[in-house]
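Below, each value reflects all heavy atoms present in this structure, side chains not excepted, and no hydrogens, waters or symmetry copies. Everything numeric in this text was worked out from a predicted model, so none of it was measured. Counting starts at 1 for both ligands and their atoms, following the listed order.
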Amino acid sequence: MNKQELIDILSSNANNEWLFSRANQVRKENVGDEIHLRGLIEFSNICKCQCKYCGLRSANNQIERYRMSKEEILSYVKNAVNLGYRTIVLQSGEDNYYDTDKMCEIIKEIKKHDIALTLGIGEKSYEEYNAYKDAGADRYLLRIETTDKNLYEEMHPNAKFENRIRCLEDLKTIGYEVGTGCLVGLPNQTIDSLAEDILFFKKIDADMIGIGPFIPHAQTPLKEASIGDFWLALKVMALTRINLPTINIPATTAMETIHNNGRIIALNSGANVVMPNVSDIDCRKKYEIYPNKAGTTEDAKIYRTELETKLLSIGRTISNDKGFRKKF
Ligand code: SAM
Ligand code: SF4
């Protein structure tokens with residue numbers, strides 16, 4: 001689709017039913033009915049950044065911070081592997097405590113299991129990304145958040161849009177499967193820029209795209225801002241599926257948080273991935289990027305069984321493979 005077509009669809013709700021069912025069909029034809037589960041471990045909520053939308057920003061002194069040890073992380077990995085997970089996602093704030101050596105040690109230990117490993121630990125140098133890859137990491141998640149440079153720099157004090165792009169290019173060059181994505185509903189974000197976001201995903205040939213509605217957090221500068229619109233976020237996601245048919249698209253936690261059936265609606269509108277949290281419930285609560293985050297109370301084992309039943313009820317099954325993008 002060209003930019004004007006994307007803008008037309010994003011600007012009107014008249015064709016929503018068609019759009020969601022078309023995206024579902026494209027998903028079925030290109031990546032099938034299997035859902036890939038990624039076991040998520042949020043191993044540190046300490047962050048040096050100041051992203052204006054995020055509850056983990058360093059200026060928020062009202063949350064209790066934590067860091068997991070290597071042993072703790074490995075014990076959650078082991079549990080997840082025993083539950084049948086074939087991919088682990090390690091996510092954190094930008095926490096310099098985990099230097100290259102520490103990260104590589106953790107990666108190597110995790111990769112002793114026969115699983116894929118995704119990292120989502122922020123902006124790093126080429127050398128650091130390269131070292132993680134050499135240690136065994138397979139994929140990397142780094143959302144562009146918005147392709148509107150002015151808005152990007154307004155939302156990220158002290159950060160540069162060009163560096164974000166540099167990171168994504170480095171990750172591609174090094175050979176990661178690269179995940180990116182955007183927030184929907186940031187203050188002053190336009191439909192025009194959301195259309196640009198989708199064109200950007202296509203231009204960089206992203207392998208995974210996560211789309212999340214923005215949810216205001218009380219201890220951030222955006223506490224008074226309006227919450228992102230679920231249906232607009234879903235439209236961005238559905239258009240992403242139609243324009244990048246073979247990629248992996250998660251039904252994001254933010255969607256489940258703002259709509260009580262958000263995950264299933266997303267899975268029926270182009271998504272094919274779910275990322276259940278497989279770590280300690282106490283830490284999940286402290287990883288409060290926004291309030292009332294879905295999935296912070298369920299035991300990992302019970303959740304997996306319930307999820308399987310839910311997915312079967314919509315004609316979907318859980319994949320047993322590592323869930324790389326089909327073209328790989
Ligand atoms: N620190 C890493 C990074 O920024 O890439 C990974 C962790 S960060 C918490 C993961 C994602 O959370 C970000 O890419 C951002 O889009 C999302 N996020 C943060 N605050 C949010 C909010 N208030 N509403 C919705 N999503 C949010
Ligand atoms: Fe830190 Fe990521 Fe939150 Fe930004 S979005 S403050 S980098 S955890």
remark   = Checking Asp8, Asp197, Asp192 against Lys3 for salt bridge (Lys or Arg N to Asp or Glu O under 4.0 Å), the one that qualifies is Asp192
query = Pick one: which of Arg86, Lys133, Lys111 meets salt bridge (Lys or Arg N to Asp or Glu O under 4.0 Å) with Asp138?
reply = Lys111
Looking only at side chains, do [X] and [Y] share a donor and an acceptor under 3.5 Å apart?
{"X": "Asp148", "Y": "Thr146", "value": "no"}
{"X": "Tyr287", "Y": "Gln91", "value": "yes"}
{"X": "Glu42", "Y": "Asn277", "value": "yes"}
{"X": "Thr246", "Y": "Arg325", "value": "yes"}
{"X": "Arg27", "Y": "Asn24", "value": "yes"}
{"X": "Arg139", "Y": "Thr87", "value": "yes"}
{"X": "Arg241", "Y": "Asn272", "value": "yes"}
{"X": "Asn13", "Y": "Asn16", "value": "yes"}

Please could you name the atoms of ligand 1 that [X] approaches to less than 4.0 Å, counting only its heavy atoms?
{"X": "Leu183", "answer": "16 (O), 25 (C), 26 (N), 27 (C)"}
{"X": "Glu145", "answer": "13 (C), 14 (O), 15 (C), 16 (O)"}
{"X": "Tyr287", "answer": "7 (C), 9 (C)"}
{"X": "Cys54", "answer": "19 (C), 20 (N)"}

Regarding ligand 1, does [X] bring an N or O atom to under 3.5 Å of one of the ligand's N or O atoms?
{"X": "Ile215", "answer": "yes"}
{"X": "Tyr290", "answer": "no"}
{"X": "Arg143", "answer": "yes"}
{"X": "Tyr53", "answer": "yes"}

ask   = Would Arg304 count as a cation-pi partner of Tyr85, with NZ or CZ less than 6.0 Å from the six-membered ring centre and within 45° of the ring normal?
value = yes
Measure from [atom] to the protein's non-hydrogen atoms and state whether any distance is below 4.0 Å.
{"atom": "atom 9 (C) of ligand 1", "answer": "yes"}
{"atom": "atom 3 (C) of ligand 1", "answer": "no"}
{"atom": "atom 2 (Fe) of ligand 2", "answer": "no"}

request  = Quick one: which residue pairs count as a side chain to side chain donor-acceptor pair (under 3.5 Å) with a foot in residues 98-107, not counting sequence neighbours?
outcome  =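 Found Lys70-Glu105.
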query = What is the nearest protein non-hydrogen atom to atom 18 (N) of ligand 1, stated with its residue, atom name and distance?
reply = Ile289 CD1, 4.0 Å
message = Strictly by ring pair (Phe, Tyr, Trp, His ring centres under 6.0 Å), give each pair with a member in residues 198-229 just once, sequence neighbours left out.
response = none
key: Side chain, backbone, both or neither: Ser92 near ligand 1, heavy atoms under 4.0 Å   =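 Backbone only; the side chain of Ser92 stays clear of ligand 1.
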task = Classify the contact between Pro213 and ligand 1 as side chain, backbone, both or neither, using a heavy-atom distance cut-off of under 4.0 Å.
result = backbone
inquiry  = Can you count the protein N/O/S atoms lying under 2.8 Å from atom 1 (Fe) of ligand 2, leaving waters out?
reply    = 1
query = Mind checking whether Gly120 has a heavy atom under 4.0 Å from ligand 1?
reply =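 Judged by the 4.0 Å heavy-atom criterion, Gly120 does count as contacting ligand 1.
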ask   = Hey, is His217 one of the residues with a heavy atom under 4.0 angstrom from ligand 1?
value =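 Contact check His217 vs ligand 1: negative.
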task = May I ask you to list the residues sharing a hydrophobic cluster with Val31, side-chain cutoff 4.5 Å, ordered by chain and number?
result = none
